[in-house]
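Contents: one structure, followed by commentary.
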Amino acid sequence: MSQTEPEPTLWDELTSPVNFTLILVIAYLIYKIVRAKFEPEPVAVPVQRLPKMRKDLTVQELRKYNGTQPDGRVLLAVNGVIFDVTRGKSFYGPGGPYAAFAGTDATRGLATGTVAGSDKDYDDVSDLTPDEVSAAKEWEEQFTGKYDIVGRLLKPGETAKQYSDDECEAKTEDKTEDKKSQ
Ligand code: HEM
C-alpha cells in the first residue's frame, strides 16, 4: 500500500515561493493605492513673473538678456522690435534649442531658417530676399501675439524713447499666462 502525501495546509500554500511573491506584489499595490488616496493634491506653484520691462535697447544692451543673468530674463529682437521671451525659456534659455537667439537680433536667423543670432553691432538686413523678409515678418507677428513687447532695437546713433507708465500697461496687460498659447 503506497504512502499518500499529507494535504498541504493553508500556511504551506501561503508560504510557497510563488504565492508569497504574489502576496507581496498585491500588498505593495494596495499600499500604493491607499497612499495615493490620502496624499494631498499637489499645490500649483505660481509662476514667478518678472516685472514688465519697457525700454528701447541697443544691440550691446540687448546681449546681456540671454537668460544667464540672475533673473533669467530672455529678450530677442525681430525686425527692430524687442520681445520678452522669458516665458519661452525652454526654447531660448541656456541649453535650449534656440538659445542662440537669446539676447540677439534674431531677424536674419529667423528669416533664413538658421538658428543663429546676429553677432554684429548692428545688422542691416536690407539684403534679405522678399521671401526672407516675409518669413521674418511672420515670426514678428507670431511673437507679437505671444510675447510682451519691450521696445525698439536702437540703430547706432538713435536714442531710446521714454515710455510712459500707460504705454507700458497698454502693451503688456493682455498677455496673461492663460491667454497666450505656448
Ligand atoms: C527640423 C527642423 C525643426 C523642427 C522639427 C522644429 C520644431 C519646433 C517645435 C516642435 C517647436 C515648438 C513649437 C511650440 O511648441 O509652439 C519649435 C519652436 C521654434 N522653432 Fe523650430 N523646428 C525646426 C527648425 C527651426 C529652425 C531652422 C528655426 C530657425 C529659424 C526654428 C525656430 C524656432 C523658434 C524661434 C521656435 C520658438 C517659437 C516660440 O517662441 O514660440 N526652428 N520648433
Side-chain angles (χ1 to χ4, degrees), residues 41-156 158 160-182:
E41 290 282 315
V43 181
V45 180
V47 178
Q48 265 260 310
R49 299 280 206 90
L50 293 176
K52 307 271 189 205
M53 185 175 172
R54 193 82 172 103
K55 204 176 175 199
D56 294 345
L57 301 170
T58 63
V59 171
Q60 292 77 8
E61 288 166 335
L62 179 63
R63 280 200 187 116
K64 72 173 182 185
Y65 296 100
N66 64 356
T68 59
Q69 299 273 93
D71 67 359
R73 195 187 291 270
V74 187
L75 307 182
L76 63 74
V78 193
N79 290 338
V81 184
I82 301 171
F83 293 94
D84 189 331
V85 297
T86 309
R87 54 183 298 273
K89 233 182 155 188
S90 54
F91 296 137
Y92 309 103
Y98 304 112
F101 289 136
T104 73
D105 178 0
T107 313
R108 184 176 296 274
L110 290 170
T112 59
T114 317
V115 185
S118 164
D119 56 4
K120 297 183 183 154
D121 280 345
Y122 187 81
D123 190 7
D124 171 10
V125 287
S126 58
D127 60 322
L128 293 180
T129 66
D131 280 355
E132 291 166 347
V133 168
S134 62
K137 195 82 204 148
E138 275 178 36
W139 279 106
E140 184 194 335
E141 279 159 19
Q142 187 177 316
F143 288 163
T144 304
K146 182 171 179 183
Y147 300 116
D148 290 333
I149 290 175
V150 172
R152 302 281 315 167
L153 184 63
L154 297 168
K155 290 181 186 166
E158 277 184 340
K161 182 184 163 182
Q162 291 302 314
Y163 292 99
S164 66
D165 289 350
D166 285 356
E167 278 176 291
C168 298
E169 287 309 308
K171 279 288 179 191
T172 53
E173 67 186 356
D174 220 14
K175 306 281 175 62
T176 60
E177 290 294 318
D178 296 332
K179 282 179 185 162
K180 282 181 272 185
S181 59
Q182 277 285 340

Assess the side chains of Y163 and D56: does a donor N or O sit below 3.5 Å from an acceptor N or O?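 Per modelled atom types, Y163 and D56 side chains form a pair under 3.5 Å.
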Tell me yes or no: between the side chains of T129 and D131, is some donor less than 3.5 Å from an acceptor?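 Note: T129 and D131 side chains miss the donor-acceptor criterion.
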Between [X] and [Y], is there a donor-acceptor pair closer than 3.5 Å when you use the side chain of the first and the backbone of the second?
X    : Y    : result
R73  : P51  : yes
R152 : V81  : no
T58  : L154 : no

Heavy-atom count check: over 12 atoms from other residues, nucleotides or ligands less than 6.0 Å from K55 NZ?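 Counting other residues, nucleotides and ligands, NZ of K55 stays at 12 neighbours or fewer.
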[X] and [Y]: which non-hydrogen atoms are nearest, and at how many Å?
X    : Y    : result
L153 : E158 : O-OE1, 4.1 Å
S90  : P97  : O-CD, 3.3 Å
R108 : L128 : NH1-CD2, 4.0 Å
K120 : V59  : O-CG1, 3.5 Å
G117 : T104 : CA-OG1, 3.3 Å

Minimum side-chain heavy-atom gap D123-T107 below 4.5 Å: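 Of all side-chain heavy-atom pairs linking T107 with D123, none is under 4.5 Å.
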Can you tell me how the ring of F101 sits relative to the ring of Y92, calling it parallel under 30°, perpendicular over 60° and tilted otherwise?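 Rings of F101 and Y92: tilted, 30 to 60°.
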